[in-house]
Protein chains: 2
Amino acid sequence: MTEELPTRDRLIQAATRLFRQRGYDGTGLTEILTEAGVPKGSLYHHFPDGKADLACAAADWTASEIIRVIDDSFRTAPDWRHGVTTFCYKMAKLFDILDSADACPIFGLLFEGPDHDRFRTQAERSFDRIIAAAARYGQALGMAPDTAQDAAETFIIGFQGCWTLARTRRKSDILRSLPSRLYGAPSQ
Amino acid sequence: MTEELPTRDRLIQAATRLFRQRGYDGTGLTEILTEAGVPKGSLYHHFPDGKADLACAAADWTASEIIRVIDDSFRTAPDWRHGVTTFCYKMAKLFDILDSADACPIFGLLFEGPDHDRFRTQAERSFDRIIAAAARYGQALGMAPDTAQDAAETFIIGFQGCWTLARTRRKSDILRSLPSRLYGAPSQ
DNA sequence: GAAAGACTAGACCGATCGGTCTAACAATGC
DNA sequence: GCATTGTTAGACCGATCGGTCTAGTCTTTC
């Protein structure tokens with residue numbers, strides 16, 4: 001018996017994939033429904049506010065996935081740099097596996113969408129969750145709370161910038177270059 | 001006599017503004033035309049491929065504007081860090097003047113649009129122009145060519161990441177924090 | 001002044017858009 | 001078996017979408 005995802009999850013995952021490729025406004029509900037194999041009535045049942053609800057769920061889900069990669073990368077890391085490096089290598093691998101033209105739905109939410117403030121708040125929450133997850137590992141590795149928070153922010157800022165440039169150039173090596181950019185910066 | 005912009009420029013600037021706020025797919029031609037005060041026939045005259053042409057022109061124009069800020073920031077800078085710092089302060093000021101929810105159209109192009117590869121190529125070109133402009137100042141300040149290129153990439157990667165987080169949090173201070181993140185990184 | 005090219009103007013078009021809504025089916029509890 | 005709740009199903013709707021196209025005006029050249 002094939003493991004079948006609940007309807008709601010099928011919608012979220014289909015939406016995540018399509019929002020990644022086309023952005024929020026560039027993705028029509030019909031495409032999502034077709035990919036998820038779900039009728040329209042079900043969409044509004046599970047997400048009463050429709051497309052916007054779905055987008056926020058997609059961002060939450062994506063943040064959770066990224067946090068999972070952070071967990072896998074930092075759990076056994078001997079130091080911060082090692083954790084960051086492992087994360088970048090894992091994400092670079094994902095980048096190669098997925099179509100490299102795909103964006104992250106969290107970023108996409110920032111740039112578009114009718115309900116501007118809602119999306120910005122959702123993006124903020126998603127970023128904050130990711131940064132907090134990384135900061136916890138910073139602390140576990142011996143950093144003071146403020147230092148860990150700063151390090152985590154810088155890491156995620158840099159990662160996000162690298163992801164964007166990597167997508168532009170279609171080169172996952174840019175993701176792998178993040179640790180040396182942050183921790184082996186050129187001297188003045 | 002009021003200085004009146006040529007039609008083409010009016011279209012580009014209106015598009016730049018609206019793409020920034022709403023993204024490519026979230027912005028309709030009617031809105032652009034209304035804001036620019038230009039009829040539809042003119043749009044297709046100046047931009048035969050329509051909306052996509054206009055988006056690419058908007059990205060080019062935006063890159064030129066960013067390069068202008070780089071020029072203003074680095075022209076009299078005594079060292080690299082000083083140039084980066086000035087740039088960040090100028091952009092933070094712009095961030096406060098403009099609606100902070102606005103994105104940069106270059107980023108927007110990456111996440112959406114029907115003609116995917118064209119937009120990616122355009123974004124690549126725009127980013128490369130910006131990075132090259134910064135790298136030239138790195139060299140003028142005494143860096144070896146490779147080092148200057150790396151420093152410029154890291155700077156733009158970091159800036160772009162900071163811009164995104166600043167937008168999420170509606171705090172221009174994140175932009176101002178970039179130099180200390182890059183050049184005063186926490187030690188391991 | 002006429003011709004050609006550049007540019008403006010806006011009606012029209014088929015397609016897609018996201019949301020609404022009614023009907024039907026499935027699951028659970030009594 | 002019936003009632004209630006949860007969930008699926010898809011037709012329908014008005015609005016918006018970007019592009020096409022014809023007609024008109026303006027500018028330049030001969």
Side-chain angles (χ1 to χ4, degrees), chain A residues 1-2 4-19 21-59 105 108-109 111-119 122, chain B residues 1-2 4-19 21-59 105 108-109 111-119 122:
Chain A
M1 181 139 87
T2 324
E4 174 110 325
L5 283 178
T7 303
R8 189 174 188 275
D9 292 340
R10 282 174 20 231
L11 282 166
I12 292 172
Q13 286 180 30
T16 299
R17 196 177 109 68
L18 290 163
F19 286 151
Q21 291 188 337
R22 308 232 179 69
Y24 177 81
D25 285 307
T27 303
L29 289 182
T30 307
E31 290 177 85
I32 294 169
L33 296 170
T34 302
E35 171 145 339
V38 172
K40 206 154 184 187
S42 298
L43 171 66
Y44 285 92
H45 173 78
H46 290 281
F47 301 99
D49 278 347
K51 196 179 182 183
D53 269 357
L54 186 54
C56 291
L109 284 180
F111 302 118
E112 56 186 286
D115 197 344
H116 232 11
D117 211 58
R118 182 181 177 197
F119 283 10
Q122 173 66 49
Chain B
M1 181 140 83
T2 324
E4 174 111 323
L5 283 176
T7 304
R8 190 174 186 275
D9 292 341
R10 282 175 20 234
L11 282 166
I12 290 172
Q13 288 180 30
T16 300
R17 197 178 112 66
L18 288 163
F19 287 150
Q21 290 187 338
R22 309 232 177 69
Y24 178 81
D25 285 307
T27 304
L29 289 181
T30 306
E31 291 177 83
I32 295 169
L33 296 170
T34 301
E35 171 144 341
V38 172
K40 209 155 183 185
S42 298
L43 170 67
Y44 285 92
H45 175 76
H46 291 281
F47 301 99
D49 279 346
K51 196 178 183 185
D53 270 356
L54 186 54
C56 291
L109 286 180
F111 302 120
E112 57 186 288
D115 197 339
H116 229 17
D117 210 56
R118 181 180 177 196
F119 283 13
Q122 173 66 48

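Labels below follow one simple rule: chain letters A, B, ... track the order of the sequence lines, proteins then strands, and each chain is numbered from 1. Because only heavy atoms are used, hydrogens play no part in the values below, and waters and symmetry mates are left out as well, while side chains stay in.
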Salt bridge (Lys or Arg N to Asp or Glu O under 4.0 Å) with A/Arg8: which residues, sequence neighbours excluded?
none
Which distance, rounded to the nearest 0.5 Å, do you find between the OG1 of A/Thr34 and the CG of A/Leu29?
10.5 Å
Whichever of A/Pro48 and B/Arg8 has the more 5' nearest nucleotide on DNA chain C, that residue is B/Arg8
Note: contacts of residues 27-43 of chain B with DNA chain D (heavy atom, under 4.0 Å) are B/Thr27, B/Gly28, B/Leu29, B/Lys40
Listed partners of B/Asp9 passing salt bridge (Lys or Arg N to Asp or Glu O under 4.0 Å), at least two apart:
none
Looking only at heavy atoms, what is the nearest atom pair of A/Ala58 and A/Thr16, with distance?
CB-OG1, 3.5 Å
Where is the tightest heavy-atom contact between B/Glu35 and B/Ala14, given as atom of each residue plus distance?
CG-CB, 3.7 Å
In short, B/Arg10 meets B/Ala36 closest at the heavy-atom pair NE-O, 3.1 Å
Where chain B begins and ends its contact with DNA chain D, read 5' to 3' at 4.0 Å from heavy atoms:
D/dC17 to D/dT20
Is B/His46 near enough to C/dA6 that one of its side-chain N or O atoms lies under 4.0 angstrom from OP1 or OP2?
no
For residues 42-57 of chain A, run the donor-acceptor check on the side chains, cut-off 3.5 Å, and write out each pair with its distance to 0.1 Å, sequence neighbours left out.
unit_1  : atom_1 : unit_2   : atom_2 : d
A/Lys51 : NZ     : A/Tyr24  : O      : 2.8
A/Lys51 : NZ     : A/Thr27  : O      : 2.7
A/Asp53 : OD1    : A/Arg118 : NH1    : 3.2
A/Asp53 : OD1    : A/Arg118 : NH2    : 2.7
A/Asp53 : OD2    : A/Asp49  : N      : 2.9

Could you tell me the separation between the CD1 atom of A/Ile32 and the CG atom of A/Leu11, rounded to the nearest 0.5 Å?
8.0 Å
Nucleotide N/O of nucleotides 24-27 of chain C paired with protein N/O under 3.5 Å:
none

